[in-house]
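Working notes, beginning with the structure itself.
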Amino acid sequence: MTNQALTKYEARKSIMGSDGGKIILCAILFFLIVPIFFMVYYIVRARSYRLTFNGNNVTVTGGVFEKYDRKSVLTAVTNVSVYQSFWGRIFNYGDVRIDIVGRWDVDTHAIKNPQGLKNYVESLMQAQDVSKLQQFIVN
């Protein structure tokens with residue numbers, strides 16, 4: 001006779017028994033630690049973004065794993081507007097839309113103190129030579 005014919009009952013360990021707590025702990029830690037890594041990445045990415053205005057020059061720097069540095073000239077600004085959501089108003093961040101002749105290629109989404117940026121760009125608008133702006137629009 002074989003062993004299989006004599007076997008009437010077979011016992012196995014429960015997953016939840018001896019190592020069940022460890023498995024549950026690993027699952028909980030996985031679902032807690034992975035979001036923490038993403039959260040830290042997004043915080044570092046937001047902290048590394050810099051939008052610097054020097055007169056009519058705009059410099060954008062940032063990046064976490066790879067760095068970038070882009071310079072543009074801010075010319076012929078026609079309008080500046082701010083959008084702040086409910087949470088943006090509470091935490092003082094928002095989107096600043098700067099309308100220029102041509103196109104705007106600088107990310108002004110979720111900027112701290114958007115009203116301050118708007119006031120600065122409006123002061124640049126007032127300092128611009130209006131005749132140059134009108135000539136630029138006509139051409």
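Just so it is clear, the values below take in all heavy atoms, side chains as well, and ignore hydrogens, waters and symmetry mates.
- Taking the six-membered ring for Trp and thresholds of 30 and 60 degrees, Tyr49 and Tyr68 have ring planes inclined between 30 and 60 degrees apart.
- To the nearest 0.5 angstrom, Leu29 atom CG is 9.0 Å from Ile36 atom CD1.
- In this structure the side chain of Tyr93 reaches within 4.5 angstrom of the side chain of Ser85, judged on heavy atoms.
- Of all non-hydrogen atoms in Tyr120 and Ser123, the two that sit nearest each other are O-OG, 2.5 Å.
- Considering CG of Leu117 and NZ of Lys112, their distance stands at 14.0 Å, rounded to 0.5 Å.
- Within the 4.5 Å cutoff, the side chain of Val60 has no heavy atoms near those of the Asp69 side chain.
- Considering CZ of Phe86 and CD1 of Ile90, their distance stands at 3.5 Å, rounded to 0.5 Å.
- Put simply, the side chain of Asp95 gets close to the backbone of Ala110: a donor and an acceptor are under 3.5 Å apart.
- Note on Tyr41: it does not cluster hydrophobically with Leu32, by side-chain heavy-atom contacts below 4.5 Å among ILVMFWY residues.
- Note that CZ of Arg89 and CD of Gln115 are 11.0 Å apart. Values are rounded to the nearest 0.5 Å.
- In terms of modelled atom types and a separation under 3.5 Å, the side chain of Ser48 and the main chain of Gly62 share no donor-acceptor contact.
- For the pair Gln84 (side chain) and Asn92 (backbone), a donor-acceptor distance under 3.5 Å is absent.
- By the neighbour-count criterion of 12 heavy atoms within 6.0 Å, atom CZ of Phe31 is sparsely surrounded, having that number or fewer from other residues, nucleotides or ligands.
- Hydrophobic clustering of Ile, Leu, Val, Met, Phe, Trp and Tyr side chains at less than 4.5 Å, counting indirect connections, unites Val64 with Tyr42.
- Atom CG of Asn113 sits about 12.5 Å away from atom NZ of Lys118, to the nearest 0.5 Å.
- At a threshold of 4.5 Å between side-chain heavy atoms, the hydrophobic network of Ile, Leu, Val, Met, Phe, Trp and Tyr places Phe37 and Ile43 in two separate groups.
- Phe91 and Leu51 fall into different hydrophobic clusters, defined by Ile, Leu, Val, Met, Phe, Trp and Tyr side-chain heavy atoms under 4.5 Å apart, directly or through other members.
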